[in-house]
Amino acid sequence: MQRFWLFKSEPNTFSIEDLAKSKGKKTTWEGVRNYQARNLLRDDVKRGDGVLFYHSNTDPLAIVGTAEVVKPGYPDHYAWQADHKYFDDASSPEKPVWYMVDIKLVTIFKQPVTRSMLTEHPVTAQMMVMKRGSRLSIQPVTAEEWQAVHELAGIV
DNA sequence: GCCAACGTTGGC
DNA sequence: GCCAACGTTGGC
């Protein structure tokens, strides 16, 4: 069964435009270093799942498009590259600690769904990302929320 | 096992 | 720039 997720990214680091410019419009989603998010990537995010691409720490804050999971959870090999910023010596090829997935761009919204738009819609106002102090970088999204975001983006 | 200190995230 | 929320670390 297809599920839905929201992936947060700071556009300074990696924006949806960067994804659009990537080879095959695909990217690896490495560097997640939080156990709760790791568990989701490792156990629950599946090929074909839908991803809402959210720009955090920017102006305007918005869901800017969607992507699709093209490769489910596999060990994050950057964790065992000593010179890499995502290096973590607790992880190794024998005992990987961190996981990553691959995603592919589906749509850049012509109308980004801003945080203020999300606030005004009864369904999207309840999304996890809207909660104060919501820091999880990989968040589950319900089918209703997925649908409501698409309506706000002008996609029916 | 508790919890204070600290660092980071991220909205405002 | 501020600060609340949260996760992690480390002393005890």
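Here is the naming used below: chain letters follow the sequence lines, and residue numbers restart at 1 for every chain.
A salt bridge does not link A/D76 with A/R38: none of the charged nitrogens is closer than 4.0 Å to a carboxylate oxygen.
The interatomic distance linking A/M128 (CE) with B/dG10 (P) rounds to 13 Å, in whole Å. One atom, CE of A/M130, and another, C1' of C/dA4, lie 17 Å apart when rounded to the nearest Å. One can place CZ of A/R115 at 5 Å from P of B/dG11, the figure rounded to the nearest angstrom. As rounded to whole Å, 14 Å separates atom C1' of B/dT8 from atom OH of A/Y86. Taking atom CG of A/N12 as the reference point, atom P of B/dT9 lies 13 Å away to the nearest angstrom. Atom CG in A/L136 sits about 13 Å away from atom C1' in B/dG10, given to the nearest Å. We find that CG of A/L61 is positioned 12 Å from C1' of B/dT9, with the value rounded to whole Å. Between A/K131 atom NZ and B/dT9 atom C1' the separation is 17 Å, expressed in whole Å.
Contact of the A/K71 side chain with the A/M100 side chain is not registered, since no non-hydrogen atoms from C-beta on lie closer than 4.5 Å.
Nucleic acid contact for A/S134: sugar-phosphate only, since backbone atoms but no base atoms lie under 4.0 Å from a heavy atom of the residue.
Contact annotation: A/K8 does not reach the phosphate of B/dT9 (side-chain N/O to OP1 or OP2, under 4.0 Å). The side chain of A/R135 places no N or O atom within less than 4.0 Å of a non-bridging phosphate oxygen (OP1 or OP2) of B/dG11. Residue A/Y35 has no polar side-chain atom (N or O) positioned under 4.0 Å from OP1 or OP2 of C/dC6.
Proximity note for A/Q36 (side chain, C-beta onward) versus B/dG10, B/dG11, C/dG7: the nearest is C/dG7.
Judged by distance alone with a 3.5 Å cut-off, no donor-acceptor contact links the side chain of A/R132 to the base of C/dA5.
When each of A/L52, A/V141, A/D49 is paired with A/F4, the side chain to side chain contact (heavy atoms under 4.5 Å, CB included) condition holds for A/V141 and for no other.
Ring planes of A/W29 and A/F53: perpendicular class, angle over 60° (limits at 30 and 60°).
Interatomic distance, A/T114 OG1 to A/I63 CD1, rounded to the nearest 0.5 Å: 9.5 Å.
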